[in-house]
Amino acid sequence: MRLSRFFLPTLKETPTEAQIVSHRLMLRAGMIRQTSAGIYAWLPLGYRVLRKIEQLVREEQDAAGAQELLMPTIQSAELWKESGRYDDYGKEMLRITDRHDREMLFGPTNEEMITDIFRSFVKSYKQLPLNLYHIQWKFRDEIRPRFGVMRGREFLMKDAYSFDIDPDSAKRAYHKMFLAYLRTYARMGLKAIPMRADTGPIGGDFSHEFIILAETGESGVFCHKDWLDLDVLKDAPGTDDDLQAFFDKYTSIYAATDEKHDPANCPVPESDLVSARGIEVGHIFYFGTKYSKAMNATVTGPNGEQVPVEMGSYGIGVSRLMAGIIEASHDENGIIWPDAVAPFRVGLVNLKAGDAETDRVCQEIYDALEVKGVDVLYDDTDERPGVKFANMDLIGLPWHLVVGPRGLKNGVVELKRRATGEREELSVESALAKLTA
RNA sequence: CGGGGCGUGGCGCAGUCUGGUAGCGCGCCAGUUUUGGGUACUGGAGGCCCCCGGUUCGAAUCCGGGCGCCCCGACCA
């Protein structure tokens, strides 16, 4: 993509409404545009990242055996009356009336709907286990939306729903998601810590929330320092292995939010205790038969009896995760995208657009990267170098390849790693080799 | 929902108290200049001053009503 043709409305100054760093940077980097309180339009740069995150989440869900479908955003109130949550959910649920005066709602979550789909088609225990998920926009009419997409009213969420014949099997489903979640965050370069959590309006008796560590996180977190050394991607068992041991290991190390942390009764000696800040980016629940009983979702068991299915649900705030990543990965100049979710892998900076030789080399590099399938944003504008550098740092692409007449005279270009600031001068060939490796 | 604040060119703000032709910085356009970390100069374009009503010779400014947005708190992926 050529920057001269890319819709990227960056801002030099920070809009006043933005208080936290991710919100500021997303506005300044031209990623989002607020349209109402807690509701945002995703501009091309932001949307690219959103899709990257979504895709990574999808890959891990698929790998864990979940199957993707897509349910509507607008739901009928009927199902919610059946489960009893139409009244319980309160004002957070956006209620809508259609032209026939039918009660509808913009879904805040999909337990009822998925349970309805399930009961319509699944009749036998032989069709279990089953895990269905979708990545869909949700709406929760928060009293006070804030912090940009971190606490928006409309947000993109991956929600998966597992169905099993008995609690043991449901536990395994839970463990699978537990692992998939940790893998998902790890692949995004995030340190995520699962913690026992309240189940809130979803209900149920077993739940973990996943907190990523970020200096600017909204809540305080305490954990054993061993957490910081764990490498999920190395520890992760294959999907067929028994996940119990993995689950036990990862839930046995101390971790608690400040609300639940009691310094007086903390099992971790002070010297091993890490105090940090975190952001909740996922929540998984095992709630048994809460919905299946209320909605009569049963299957025929091995002995011919009708058994209400054991269910769990598993959410990841996809749009929130973007803000979380920025909170966890930025510096005073802007965003630092982890490679896995970066909108482009390379920012190619032409320091002197219009200079024949510089233009030629840039074009050559641009074409070579495109051919190799490397996402590249080519700054072909005739802005001053300072402007280009500042903008490149702001939008945070992992690699900056800087090409100017001065370097070309010596046969070199400059490759900068955004995360570390390291720069090296090297030939075009070596730079390309490095970027396409 | 309780408490606080804000709404003035795209963005950041001044002007409101004390009514009298709407300003500044950044950005944008044109030109000159500059050319490796937001360059300098010159000349431009761009505003229903959130909306409706009232007071007044005259309202961004005063009064009444409405809408929107932000911050703190209780609540949440």
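Just so it is clear: chains get the letters A, B, ... in the order the sequence lines come, proteins before strands, and each one is counted from 1.
Separation of the C1' atoms belonging to C69(B) and G27(B) is 23 Å when rounded to the nearest angstrom. The gap from the C1' atom of U61(B) to that of G7(B) amounts to 14 Å, rounded to the nearest Å. Spacing between G15(B) and G23(B) at atom P, rounded to whole Å, works out to 16 Å. Across G73(B) and G37(B), the matching C1' atoms stand 43 Å from one another, rounded to whole Å. Taking atom C1' on both nucleotides, A45(B) is separated from G36(B) by 33 Å, rounded to a whole Å. Nucleotides G68(B) and G44(B) have their C1' atoms positioned 34 Å apart, rounded to a whole Å. A40(B) and G4(B) are spaced 44 Å apart, taking the P atom of each and rounding to whole Å. Taking atom P on both A30(B) and G54(B), the two are 45 Å apart, rounded to the nearest angstrom.
Between the CD1 atom of I39(A) and the P atom of C69(B) there is a distance of 9 Å, rounded to whole Å. Rounded to an integer number of Å, the gap from Y181(A) OH to A77(B) P is 12 Å. Taking atom CD on E17(A) and atom P on C13(B), their separation rounds to 10 Å, with Å as the unit. For the pair Q136(A) CD and A77(B) P, the interatomic distance rounds to 18 Å; values are reported in whole Å. For the pair E209(A) CD and C75(B) C1', the interatomic distance rounds to 14 Å; values are reported in whole Å. Atom C1' of nucleotide C11(B) and atom CZ of R24(A) are separated by 15 Å, given to the nearest angstrom. Atom CD of E92(A) is separated from atom P of A74(B) by 16 Å (rounded to the nearest Å). With rounding to whole Å, R151(A) atom CZ is found 16 Å from C69(B) atom P.
Within 4.0 Å of V402(A), counting heavy atoms only, lies at least one base atom of the nucleic acid. Among the heavy atoms of the strands lying under 4.0 Å from G152(A) is at least one base atom, whether or not backbone atoms are also near. Among the protein residues, E13(A) comes within range of the nucleic acid bases, having at least one heavy atom under 4.0 Å from a base atom.
Applying the ring-ring contact (aromatic ring centres under 6.0 Å, His included) criterion to F389(A), with sequence neighbours excluded, gives no partner residue. Shown here are the side chain to side chain donor-acceptor pair (under 3.5 Å) partners of D88(A), two or more places apart in sequence or in another chain: there are none. Taking N333(A) as the reference, nothing meets the side chain to side chain donor-acceptor pair (under 3.5 Å) condition, with sequence neighbours excluded. For Y181(A), the ring-ring contact (aromatic ring centres under 6.0 Å, His included) criterion is met by F210(A), not counting sequence neighbours. Taking K81(A) as the reference, E103(A) meet the side chain to side chain donor-acceptor pair (under 3.5 Å) condition, with sequence neighbours excluded.
In this structure G20(B) sits in a base pair with C57(B), meeting the Watson-Crick or G-U test at under 3.5 Å. Nucleotide C67(B) forms a Watson-Crick or G-U wobble pair with G7(B), both donor-acceptor distances falling under 3.5 Å. The pairing partner recorded for A77(B) is none, the criterion being a Watson-Crick or G-U wobble arrangement whose two distances lie under 3.5 angstrom. In this entry G2(B) has C72(B) as its Watson-Crick or G-U wobble partner, both defining distances falling under 3.5 Å.
Among A77(B), A74(B), G12(B), the nucleotide with an atom closest to any side-chain atom of I143(A) is A74(B). The listed nucleotides are G73(B), C69(B), G12(B); the one nearest the side chain of R146(A) is G73(B).
Ion pairing between a basic and an acidic side chain is recognised when a charged N comes within 4.0 Å of a carboxylate O; D339(A) and R417(A) show such pairing. Using a cutoff of 4.0 Å between basic side-chain nitrogens and carboxylate oxygens, R418(A) and D331(A) are scored as salt-bridged. Contact check on E92(A) versus R140(A) returns no salt bridge, with no Lys/Arg side-chain nitrogen under 4.0 Å from an Asp/Glu carboxylate oxygen. A salt bridge does not link R277(A) to E215(A): none of the charged nitrogens lies less than 4.0 Å from a carboxylate oxygen.
Applying the side chain to side chain donor-acceptor pair (under 3.5 Å) test to residues at least two apart or on different chains, the pairs with a partner in residues 3-16 of chain A are S4(A)-D380(A), T10(A)-N391(A). Applying the side chain to side chain donor-acceptor pair (under 3.5 Å) test to pairs two or more places apart or on separate chains, those with a residue in residues 393-413 of chain A are D393(A)-K416(A). The stretch residues 144-153 of chain A participates, sequence neighbours left out, in these side chain to side chain donor-acceptor pair (under 3.5 Å) pairs: D141(A)-R153(A).
Distances shorter than 4.0 Å separate none of the side-chain N or O atoms of Q19(A) from OP1 or OP2 on C72(B). Applying the 4.0 Å criterion to OP1 and OP2 of C69(B), one finds that R144(A) has every side-chain N and O outside that range. The side chain of T16(A) contributes an N or O atom lying less than 4.0 Å from OP1 or OP2 of G12(B).
Under 3.5 Å, the side chain of R140(A) and the base of C75(B) form no donor-acceptor pair of N or O atoms.
Cation-pi geometry between K290(A) and F285(A) is not met at under 6.0 angstrom from the ring centre and within 45 degrees of the axis.
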Using a 3.5 Å cut-off and no angle test, enumerate the donor-acceptor pairs between side-chain atoms of residues 35-48 of chain A and protein atoms at least two apart in sequence or in another chain.
| unit_1 | atom_1 | unit_2 | atom_2 | d |
| --- | --- | --- | --- | --- |
| T35(A) | OG1 | I39(A) | O | 3.3 |
| Y40(A) | OH | Q34(A) | OE1 | 3.2 |
| R48(A) | NH1 | P343(A) | O | 2.9 |

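Heavy-atom nearest nucleotides on RNA chain B were determined for V281(A) and for S36(A), and the one closer to the 5' end corresponds to S36(A). For the pair G404(A) and E383(A), both in contact range of RNA chain B, the more 5′-proximal nearest nucleotide belongs to E383(A).
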Mind listing the N/O atom pairs, protein and nucleotides 37-39 of chain B, below 3.5 Å?
| unit_1 | atom_1 | unit_2 | atom_2 | d |
| --- | --- | --- | --- | --- |
| G37(B) | O6 | R423(A) | NH2 | 2.7 |
| G37(B) | N1 | D393(A) | OD2 | 3.4 |
| G37(B) | N2 | D393(A) | OD2 | 2.7 |
| G38(B) | O2' | K12(A) | NZ | 3.3 |
| G38(B) | O6 | R28(A) | NH2 | 3.3 |

Check nucleotides 40-46 of chain B for protein N or O atoms closer than 3.5 Å to its own N or O atoms and list the pairs.
none

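Residues from residues 346-358 of chain A that place a heavy atom under 4.0 Å from any atom of RNA chain B, listed by number: L351(A).
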